[in-house]
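In what follows, a single structure is set out as structure tokens and then discussed.
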Amino acid sequence: MVHGESENVKTETYTHDRSSKYRKVNLNKHDEEKDLKILSDFDHFRSDKITDLNLLKKYANIIAYINTLTPVLHSLKSEFNIDYTMASCWQKNIPIKIEPVTATEKRNKTEPNDEFLEPLNRWWESVTDLESELKWNYLEHRGLQFAELYEPHGISILFNGKELKLNSEAEEIATMWCTTLGTEYENKPIFRKNFWKTFKSKFPTLHPIKKAKLESCDFTAIKNYLDNKKLKAAQDLENDRESVLAEKEALKRAKKELELPFTYALVDNIREKVSGFKVEPPGLFRGRGEHPKQGLWKQRIIPTDVKINIAKTAPVPKAIYPLNGYCWNDVVHENSLTWLAYYKDTIQDQIKYMYLSAQSKFKGLNDFLKYEKARRLKTCITNIRDGYRQKLRSDDLVDKQLGTATYLIDFLALRVGSEKDTDEEADTVGCCSLRVEHITFDKLTDTINLDFLGKDSIRYTNSVKVDHYAFTNLMEFCKDKKPDEDIFDKISTAKLNDYLKELLPGLSAKVFRTYNASATLEACLDLLKLEEGTLVATVKDEGNEVLSVNCGSVDELLHYYNHANRRVAILCNHQRTVPKLHQATQKKMMLKENILEEDLKMCKDYIKHLNEGSKKSFCMTPKLNDLKGNPRKAPFKEGAKVEALEKKVENIKKNISKLKLKIKIHDDNKTVALGTSKINYMDPRITIAFCKKFEIPIEKVFNRTLRMKFPWAMHTRTNFRF
DNA sequence: GGGATGACTTAGGATCTTAAAG
DNA sequence: CTTTAAGATCCTAAGTCATCCC
């Protein structure tokens, strides 16, 4: 049964009736070989061109079999939109209805395309040298796609109330400024200053604008032009929805077709998806937080800015640029590197790369290695913790700082914090760059209060009781220093990582984050244990909050998984800004709840009314209006039977508790970004093992992108331990 | 040994798409 | 069917970390 550790079970199948409260779990044993055979058939099936139904029928058995297989296959199944009812129809020789039922389906009907048929690169089955220097033997691709040239609209601005004609360059910048109006950048002093500087630079030396202020220019004409364009598009849509949508569709198709050659690369005979094949278009740089360069002009990239990396024997792609006479800056053949092309960004001289996508071998293998490294850390974490705890008590200041920093990185999952140049970048910190001003102490309880801006200028605040030695060390490091001085002045990130390498080859600061995130997820999911003869698991959450999860309900299991996910996100400080409509949505949902409550009361009252056989008339009009403010009708008709009403009561009660949960989750998640940890920190195998154990379809937890990113983890079995 | 550079991962917000609700 | 909310994808900024070079 599901609660038993099914160590030796090779494949777990699951029943499809998820609505049943008493969902049974059948663990049929299959040979692994059989699984693999089916998988390879399936691969074959996918790589075949499916042009007619007969061909599809040929594979009906496979599809039908997939129906009963593990969530892995389940995910593949949904990946390729295979309709299982169709498959089962074939098996039973029932005529298949293939015509779309509704107009929406008709419109949305997609024929099998390249995506549908794309073979999976099963690198994890064949790679022998995991950390090979040689990344590829053959590499061919089409290079980068360039941004379209700017098309001037010829609209002037007002300078001190008078019309000022702009040249194309100035106009482009002014137009970009108009698109920033209405965003947070519009009112950021640095952004305004830098934009103004950039804009003015496009005028001759003696032009009066050189001495003027931004406020002396009026950009409304351009802004209006842009707004009107949008407005007209909206009106057109309203007037002639059909043809405007069709036109849009056609444009999209044309764009896709133009992009198609760039979307794939050929790597050792395997076609792989490329990501970031478009150069970043010019614009006003949107640095985050108080970035000193925000508002500066990010220049147009042309072919002579771009280096490309291909095999020596591969044809050199043509640089497709709107103007003639341009070629690549350089063509190299570096088969120890994974980038396909790069150029230098004009703002910070940073390199922008074109890589293969996350679903490729290059990325997938590295991702796998990352988690394996974190697992290696797990095997010796006790020793390592003992090691740095010893350093906390060292007499040597450098050792003390190393120990303390490592402690913080491990305990609080901080980033290492490399040094930054505040003239070039926003002033943000990590562990090693923490300053005295970012920490305060509470001596009575050994509690430190941290408050600083981390990566992306996301604020980190935490009040936490720490190890006594770490506490006194931190106090000592801060003693006699000014607020803007470094706490860890005797060490650098390089030194810290050197120290970590001594503890375990390959160890660096970021591994702790991966390890702690994955370990937290696993520990949290482990709490969910079924007891003999019950479907409800009781979870003690931090000793006090008690959660009860009905493991027969996929919804509740998902809720629990998200709860675990949230723990990790909070640990890693993955935040998001509260969505604009958050409050409004909350209010709406609460109003809905009130309406349901009223319905419930009315039902109950009416039952009472009927049972008492009262002769009085019953008021059939609810007091609350519906969400749009219109009057509502009673949830039942006059003369309804008590039996039916009682059913209704149960139903409404269920809906109320569902809605309450929804409101709570919606509010709990308003500032927490769950995605980042799912994509980057939590070993997917933990999630997959959990899903298999509790028979959660994997696509409920991993979206398409994630499933494509983690194919190497899909075969994980329920007994996987991180 | 320490700064600069290059390669690669991690990050949140904007925008587009899909699904659910009305 | 249309509207709205949620979810997926795109975009590109901003980290980490190894290596190079002096």
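Remember, it's a predicted structure, so these values are computed and weren't measured experimentally. Numbered from 1 within each chain, the chains take letters A, B, ... in sequence-line order.
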Letter per nucleotide, 5' to 3', of nucleotides 8-14 of chain B [B base touched, S only sugar-phosphate touched, - untouched; heavy atoms, 4.0 Å]: BBBSBS-
With a 4.0 Å limit, can you tell me whether [X] has a side-chain N or O closer than that to the phosphate oxygens OP1/OP2 of [N]?
X: A/Lys248; N: B/dC16; answer: no
X: A/Lys670; N: C/dA6; answer: no
X: A/Lys588; N: B/dA21; answer: no
X: A/Lys298; N: C/dA13; answer: yes
X: A/His291; N: C/dA13; answer: no
X: A/Asn703; N: C/dG7; answer: no
X: A/Ser418; N: C/dT16; answer: yes
X: A/Thr493; N: C/dC17; answer: no

State whether a side-chain donor-acceptor pair under 3.5 Å links [X] with [Y].
X: A/Gln299; Y: A/Asp345; value: no
X: A/Asn462; Y: A/Tyr460; value: yes
X: A/Gln575; Y: A/Asn573; value: yes
X: A/Tyr681; Y: A/Arg513; value: yes
X: A/Glu425; Y: A/His291; value: no

Figure out the [atom1]/[atom2] separation between [X] and [N], and round it to whole Å.
X: A/Lys256; N: B/dT17; atom1: NZ; atom2: P; result: 7 Å
X: A/Arg707; N: C/dA8; atom1: CZ; atom2: P; result: 9 Å
X: A/Lys373; N: C/dC17; atom1: NZ; atom2: C1'; result: 9 Å
X: A/Asp349; N: C/dA14; atom1: CG; atom2: P; result: 15 Å
X: A/Leu500; N: C/dC17; atom1: CG; atom2: C1'; result: 12 Å
X: A/Phe191; N: C/dA13; atom1: CZ; atom2: P; result: 11 Å
X: A/Met589; N: B/dG22; atom1: CE; atom2: P; result: 12 Å
X: A/Leu496; N: C/dC17; atom1: CG; atom2: C1'; result: 12 Å

Is a donor on one side and an acceptor on the other found under 3.5 Å between the side chain of [X] and the backbone of [Y]?
X: A/Arg288; Y: A/Ala426; result: no
X: A/Thr520; Y: A/Val568; result: no
X: A/Ser433; Y: A/Lys420; result: no

Regarding [X], tell me which of base, sugar-phosphate or nothing describes its non-hydrogen contacts under 4.0 Å with the strands shown.
X: A/Pro281; answer: sugar-phosphate
X: A/Gly454; answer: sugar-phosphate
X: A/Ala426; answer: nothing
X: A/Lys662; answer: nothing
X: A/Gly675; answer: nothing
X: A/His582; answer: nothing
X: A/Lys307; answer: nothing
X: A/Lys580; answer: nothing

Write down the atom of [X], the atom of [Y], and the distance for their closest heavy-atom approach.
X: A/Lys670; Y: A/Pro579; value: O-CD, 3.7 Å
X: A/Ala265; Y: A/Leu356; value: CB-CD2, 3.8 Å
X: A/Glu699; Y: A/Arg707; value: CB-NH1, 3.1 Å
X: A/Phe262; Y: A/Gly143; value: CD2-O, 3.3 Å

5' precedence on DNA chain C between A/Gln348 and A/Gly506 (nearest-nucleotide basis):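 Checking each residue's closest nucleotide, the 5'-ward one belongs to A/Gln348.
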Whichever of A/Phe702 and A/Gln350 has its nearest DNA chain C nucleotide further upstream toward 5':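 Looking at the nearest nucleotide for each, A/Phe702 comes out on the 5' side.
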Within the 6.0 Å centroid threshold, strictly below: A/Phe710 and A/Phe702: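 For A/Phe710 and A/Phe702, the ring centres are under 6.0 Å apart.
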Distances under 3.5 Å between protein N/O atoms and the N/O atoms of nucleotides 1-4 of chain B, please, pair by pair.
none

Pair A/Asp367 + A/Lys370: basic N to acidic O under 4.0 Å: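 A salt bridge is present here (some side-chain N lies under 4.0 Å from a carboxylate O).
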Minimum-distance nucleotide (side-chain atoms of A/His666 versus C/dA5, C/dA6, C/dC17): C/dA6
Axial bend angle, the helix from B/dG1-C/dC22 to B/dG22-C/dC1: five-pair end segments, nearest 10°: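 The helix from B/dG1-C/dC22 to B/dG22-C/dC1 shows an end-to-end axis angle of 10°.
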